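Have a look at the structure below, then the notes.
Only heavy atoms go into these numbers, but all of them, side chains included; no hydrogens, no water, no symmetry mates. One-based numbering, in listed order, for ligands and for the atoms of each. What you see is a predicted model; the values in this text were computed from it and never measured.
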Amino acid sequence: MTTLVVDGLSVHYGGVCAAQDIGFTVAPGQSVGIIGANGAGKTSTLKALMGLVPRTVRSIRFGEHDLTRVPGRKMVRYGIGYVPEGRHVFPGLPVEKNLLLGAYSKPWKGATLDTLDEVYTLFPVLGEMRHRLAGALSGGQQQMLAIGRALMSAPRLMLLDEPSMGLSPKLVENIVAVLQKLNRDGLGILLVEQNAKLTFEVTTECLVMENGIVAMNGTSEQLREDPRVRQIYLGL
Ligand code: ATP
């Protein structure tokens with residue numbers, strides 16, 4: 001089974017420590033959240049996991065694979081999909097081309113076309129706009145495209161960085177429903193978010209990051225009832 005186990009992950013930008021000795025586990029099909037304020041170190045943690053920023057780490061394991069020294073661009077081959085903060089779609093390419101680029105690691109075209117159909121079923125608007133340039137899509141549609149593109153590699157675990165950023169409450173609900181469905185269907189999720197309410201709806205376990213360290217962790221149910229979390233992260 002493919003459990004992700006991250007141990008001792010740290011990120012330093014020059015003299016700034018953005019993340020210090022972070023460790024967590026995502027079991028197969030589990031949904032884990034990392035919440036925290038702006039600048040707490042969430043994005044750095046995810047980027048470090050993907051090898052996109054200089055990091056030190058004791059170990060990263062995914063099932064039987066030791067990924068400690070595997071470069072980020074190869075993570076997709078092991079079944080790890082990544083939806084970066086800010087979407088990063090290819091604006092000058094059509095929607096469908098963007099999606100097909102997400103499947104570059106898959107050898108068999110038939111499976112790719114099936115996955116494309118699944119993405120269009122999840123996000124019908126992407127099917128309707130398949131020939132439009134990605135740059136012409138709204139922010140919410142681009143977020144759907146970024147998630148769809150990551151799904152095209154048929155991942156077992158998907159890492160998402162702030163998928164709710166800049167979206168209307170209605171679109172956030174749409175993304176929540178899709179993530180819940182994908183998780184019910186067996187996809188593991190690691191969700192980084194400033195939006196704690198959304199994160200508690202999608203995940204069963206959560207870490208709270210503050211100033212580069214894990215300040216709290218527990219089940220999402222416990223954390224959503226914690227007085228400090230309610231005050232600082234839920235504004236209640
Ligand atoms: P956000 O929600 O704004 O993305 P975050 O919790 O993801 O916040 P990070 O973006 O990981 O936080 O930032 C953690 C710390 O590292 C902050 O102090 C930030 O200013 C700093 N930082 C992030 N990226 C860099 C960089 N490329 N160079 C220098 N410092 C950086």
Under the ring pair (Phe, Tyr, Trp, His ring centres under 6.0 Å) definition, can you give me all pairs with a residue in residues 63-92, not counting sequence neighbours? H65-Y78

Close-range residues for ligand 1, whose non-hydrogen atoms fall below the 4.0 Å threshold: Y13, A18, A37, N38, G39, A40, G41, K42, T43, S44, E85, E162, Q194

Distance check, rounded to the nearest 0.5 Å: E85 atom CD versus K42 atom NZ? 8.0 Å

Atom pair CZ (F62) and OG1 (T2), whose distance is rounded to the nearest 0.5 Å: 4.5 Å

Under 4.5 Å between any side-chain heavy atoms of L67 and I80, yes or no? yes

Which pairs with one or both residues in residues 122-141 pass side-chain hydrogen bond (donor to acceptor under 3.5 Å, both in side chains), sequence neighbours excluded? S138-Q141

S44: partners by side-chain hydrogen bond (donor to acceptor under 3.5 Å, both in side chains), with sequence neighbours left out: Y13

